[in-house]
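Here the structure is laid out as structure tokens; the discussion comes afterwards.
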Amino acid sequence: MSSDTAIFDGLTPPQRDAVDHFEGPLLVLAGPGSGKTRVITRRIARLVERGVHPRNILAITFTNKAAREMQERVDTLLPSSRVWVSTFHRFCASLLRRRAHLIGLESNFAIFDKSDQLQIVKQVLGDLSLDEVRISPAKIAARMSRIKNDLVDPESFKRSMDEHVGEPFDMVVSQVYPRYQEALLQSNAVDFDDLLLHMVRLLGDNPDLREEFDQRFKFVLVDEYQDTNAAQYAIVRMLAVNQPNLCVTGDPDQSIYGWRGAHIDNILNFERDFPAAKLIRLEHNFRSTKQILASADRLIGHNRLRKAKSLITDNEEGCPVRLLRAPTSHQEAEGIARIIQRTCEQGDGRPSDFAIFYRVNSMSRELELALTRHRVAFQVAAGAAFYDRSEIKDLLAYLRLIENPSDALAFARIVNKPARGLGAATINRLQKWAALQGLSLFEAARQIVNTKNVRKTKIKKSKASRSKPVDDEDELAEDENLDADLSFDPSEFAAEPTADEIAQKISAAAKFKLKIFVNLIEGFSLASAGSVSGLLKTIVDKTFYSKHYLSGQTEQDFERRANVAELISAAAQYDEVAGDERTLSGFLETTSLVSDTDTVDPQAGKVTLMTLHAAKGLEFPTVFIVGLEHGLIPHERAIKSDDPKQLEEERRLLFVGMTRAMKVLYLTTAQVRDERGTPRSTISSSFLRECDFESLELTATGLVSRVDEPHEATDRLAELKKRLAQAPNRPMLTTGAALLNGSQEAAELPQCFAVGMQVRHPRYGVGTVVDVNGFAKRRTVTVQFADERTESFSVAHCPLQPIGMR
DNA sequence: ACAGATTAGTTTTTT
DNA sequence: ACTAATCTGT
């Protein structure tokens with residue numbers, strides 16, 4: 001049979017063993033570039049060939065992109081078979097939808113993203129009047145995420161806090177956590193972590209259901225097993241009790257998600273969990289040159305908490321790993337762009353052959369600018385950022401509310417967007433009323449429009465007769481609320497305005513506007529629009545959204561229009577793929593579960609920029625890893641933590657980055673790097689002492705010259721600071737001259753100010769410029785006004801009007 | 001009620 | 001530096 005040869009074609013003996021393994025647990029320890037994906041896909045094909053029904057196979061990956069790729073490969077091997085390939089999160093989402101009632105939700109539950117979570121945390125903090133304690137909502141959210149990933153529910157967390165009084169921060173978290181969960185429930189929503197957590201609970205509480213799933217997913221394959229957290233581990237274990245045909249693949253040396261709760265022990269202890277497990281090692285590397293692999297191998301060898309493993313390759317020797325030293329981060333970026341540009345010009349490569357990795361997202365900007373200057377096409381792996389745009393969030397909020405009217409955040413976001421006269425006051429009252437009636441905001445709005453307002457005279461009368469006592473009671477109640485706990489006491493409630501009174505406070509006009517809004521939303525449906533993209537168009541149309549937000553002529557408006565168009569085309573794509581099975585939930589799921597890597601397109605013919613984390617699983621002929629500096633790689637937080645485990649994870653992160661390179665690998669450093677806008681002298685990364693490379697200098701002229709021995713950082717910082725200090729003294733009046741000089745900073749400025757210039761400010765009046773500082777967007781101007789007061793403004797935004805020289 | 005100006009807080013990595 | 005929240009004037 002031809003499929004027979006195809007399945008085992010070109011495999012090494014260990015790969016063949018893994019592909020041919022049938023029943024029972026299997027652990028594949030696969031080094032970088034060892035053809036792991038290939039093995040998984042072929043094993044799936046082999047299983048089907050053996051007669052296993054595709055329906056009984058489940059393959060789980062960590063990113064959608066990996067899932068999509070694997071799906072494609074499986075489809076090529078097994079046309080028309082329907083093997084389920086998914087991420088943990090998507091897998092859980094779709095199973096939960098069908099049994100949402102078992103966990104107290106409805107099947108149209110929303111998936112809240114990070115900003116939604118933050119919104120709720122803030123709200124809860126407000127309710128607890130904890131605001132003043134200056135607690136970062138983001139930190140609370142992060143802590144809750146960790147707790148949830150470790151499978152700790154609000155009750156047990158609170159109990160553990162009560163038992164041995166934890167840190168003050170955790171005490172706050174224990175207060176917020178249950179209320180946060182409650183708020184999600186009220187909105188008929190879950191967050192990312194809940195998808196896993198609810199699944200664990202579902203399987204744990206319903207033995208019959210667990211057994212059904214165990215039976216259904218007879219063969220489970222989990223990729224990147226070293227990155228599973230406690231929740232994911234629990235799910236996998238529960239699917240492999242009666243049918244322990246579990247195949248996990250991974251590499252402990254590539255475990256880089258410890259910070260979000262991943263347990264490297266899950267893979268290290270697999271053989272303990274499943275004593276019958278077969279172990280196969282894939283150590284043969286098909287990706288990198290000998291030099292690259294040797295350097296990476298030496299680096300990772302410095303990790304103490306590690307099972308030794310060899311990396312072998314038959315590939316060519318290649319050239320040494322190169323370390324590029326640049327004076328500044330600007331020149332570092334410039335040099336990289338120049339190398340790429342020149343290589344492409346000489347016909348020695350195409351932009352798609354190159355990737356640039358960095359530790360933190362904020363480092364992409366400088367690289368983007370440099371590549372733009374050199375007219376090199378690039379793509380940044382930041383797909384999730386698209387859905388953070390406010391216009392996109394607005395439109396998605398419409399979809400969310402249409403699909404799930406309980407979604408309080410979606411309601412709040414769009415009820416007055418575009419402005420329809422429903423301001424804070426009305427919404428506040430509506431919120432109170434909804435809470436009293438136990439209704440969602442939307443349902444409350446729907447009902448309140450039917451309550452009749454009593455005539456004005458009557459209100460006045462009743463107000464007059466009761467105003468004083470009521471007000472007093474109000475104040476009392478409020479005072480009590482300040483220090484009293486938040487337990488709801490019905491007797492306290494009596495002092496609060498009743499639902500009817502609140503309903504009265506909402507004016508007839510406001511009710512009318514609410515009614516229009518309710519009718520508007522109820523007029524929308526996927527059924528009537530036919531498709532998600534059609535529905536989006538209808539929404540934009542009927543709400544006059546574009547008239548209000550998309551009709552300007554500025555760069556921003558242009559971008560917004562493009563974004564909306566892109567959203568609609570994304571919806572159209574979904575419509576096509578999903579066909580008759582399209583649902584709003586389905587589309588919203590695709591938008592909320594995207595990851596940054598999902599958007600990188602290897603076919604795009606562009607240089608790819610991404611974080612080291614995002615790089616896992618990919619490969620490129622030439623790789624640049626920028627910022628090999630102390631505090632960046634390894635990151636400062638890992639250093640500060642003083643935890644060897646965290647430092648080892650940083651080392652693994654660099655290892656992952658290095659092993660993405662096939663032919664050429666550059667590591668780069670800058671002696672001075674801008675940090676929070678100010679230039680700082682850097683110290684080279686300690687990891688550099690742990691790998692082999694050849695050191696090169698990136699000079700100001702952009703030429704790469706050999707350096708005999710690596711030299712320590714010279715004091716370029718002082719030099720730079722001196723230059724910066726001198727700069728403002730140069731009068732910046734003449735834009736033309738600046739242009740001739742080629743001085744870009746000056747040319748980019750929207751306005752030019754010089755010391756001694758007379759300016760007018762709409763609020764402060766006429767004044768004299770006494771100082772100018774900073775460059776480009778950070779440029780500020782200090783003005784002394786007639787009344788002796790001096791104010792500093794950002795040049796880019798201030799409403800200052802030059803009116804001449806003194 | 002809203003738009004524009006100003007200020008405050010925040011960034012490691014992400015499903 | 002970049003956004004979200006707040007302030008302020010219309």
Side-chain angles (χ1 to χ4, degrees), chain A residues 60-67 86-93 111 113-115 118-119 122 134-139 142 145 148-149 191-196 224 227-229 231-232 256-262 357-363 365-366 381-385 388-390 416-427 510 513 548 589 592-598 610-616 627 631-641 646 649-650 652-653 656-657 674-678 761-764 774 776-778 791-794 796-800:
Chain A
I60 292 191
T61 62
F62 265 75
T63 65
N64 299 304
K65 187 170 174 290
S86 173
T87 64
F88 268 112
H89 293 267
R90 259 180 220 279
F91 169 70
C92 293
I111 300 172
D113 68 14
K114 201 163 187 168
S115 69
L118 230 51
Q119 213 70 30
K122 281 178 193 167
R134 278 179 72 178
I135 313 154
S136 149
K139 278 191 180 150
S145 175
K148 291 165 98 167
N149 282 329
D191 64 19
F192 293 133
D193 306 312
D194 282 341
L195 288 171
L196 305 174
E224 308 284 13
D227 286 328
T228 47
N229 61 33
Q232 291 160 334
I256 53 175
Y257 286 107
W259 53 271
R260 74 172 201 217
F357 305 150
Y358 34 82
R359 179 63 232 268
V360 294
N361 276 309
S362 59
M363 289 171 75
R365 175 129 305 184
E366 197 145 36
D388 280 341
R389 297 248 164 64
S390 69
N416 200 29
K417 197 172 278 186
R420 37 178 84 87
L422 291 164
T426 305
I427 300 311
K513 290 172 195 158
H548 286 266
E589 213 166 284
S592 56
L593 297 181
V594 283
S595 69
D596 286 343
T597 36
D598 293 339
M610 61 174 86
T611 63
L612 282 164
H613 282 90
K616 197 167 66 171
L632 225 40
I633 310 173
H635 194 272
E636 200 167 355
R637 283 172 83 129
I639 299 168
K640 267 199 209 141
S641 76
Q646 285 197 36
E649 183 158 310
E650 293 289 308
R652 290 195 292 267
L653 188 56
V656 167
D674 272 13
E675 197 180 289
R676 256 194 260 122
T678 52
H761 189 276
R763 185 128 109 250
Y764 303 119
K777 282 183 182 168
R778 302 190 62 251
E791 296 286 339
S792 288
F793 309 94
S794 155
H797 302 112
C798 69
L800 285 174

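Here is how names work: the chains are called A, B, and so on, in the same order as the sequence lines, proteins then strands, and each is numbered from 1. As the structure is a prediction and not an experimental result, all values here were calculated from the model.
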Less than 4.0 angstrom between a side-chain N/O of Arg637(A) and OP1 or OP2 of dT11(B), yes or no?
no
Between Ser362(A) and Ser145(A), which is nearer to the 5' end of DNA chain B once each is assigned its nearest nucleotide?
Ser362(A)
Listed pairs, N/O of protein and of nucleotides 4-6 of chain C, under 3.5 Å:
from   : atom 1 : to        : atom 2 : distance (Å)
dA5(C) : OP1    : Lys122(A) : NZ     : 3.2

Winner on side-chain proximity to Trp259(A), out of dC2(C), dT13(B), dT11(B), is dT13(B)
Which heavy atom of Arg260(A) sits nearest a heavy atom of Phe62(A), and at what distance?
NH2-CD2, 3.8 Å
Asn64(A) side-chain N/O to dT15(B) phosphate OP1/OP2 under 4.0 Å:
no
Can you figure out which of dC2(B), dT14(B), dT10(B) approaches the side chain of Asn361(A) most closely?
dT14(B)
Check whether any side-chain nitrogen or oxygen of Asn149(A) sits under 4.0 Å from OP1 or OP2 of dT15(B), and answer yes or no.
no
What residues form a salt bridge (Lys or Arg N to Asp or Glu O under 4.0 Å) with Asp193(A), not counting sequence neighbours?
none
Can a side chain N or O of Asn229(A) be found less than 4.0 Å away from OP1 or OP2 on dT15(B)?
no
Could you walk me through whether His613(A) and Trp259(A) pass the ring-ring contact (aromatic ring centres under 6.0 Å, His included) test, one step at a time?
CA-CA 12 Å; His613(A) 282 90; Trp259(A) 53 271; 5.8 Å; yes
To the nearest 0.5 Å, what is the distance between OH on Tyr358(A) and OG1 on Thr611(A)?
6.5 Å
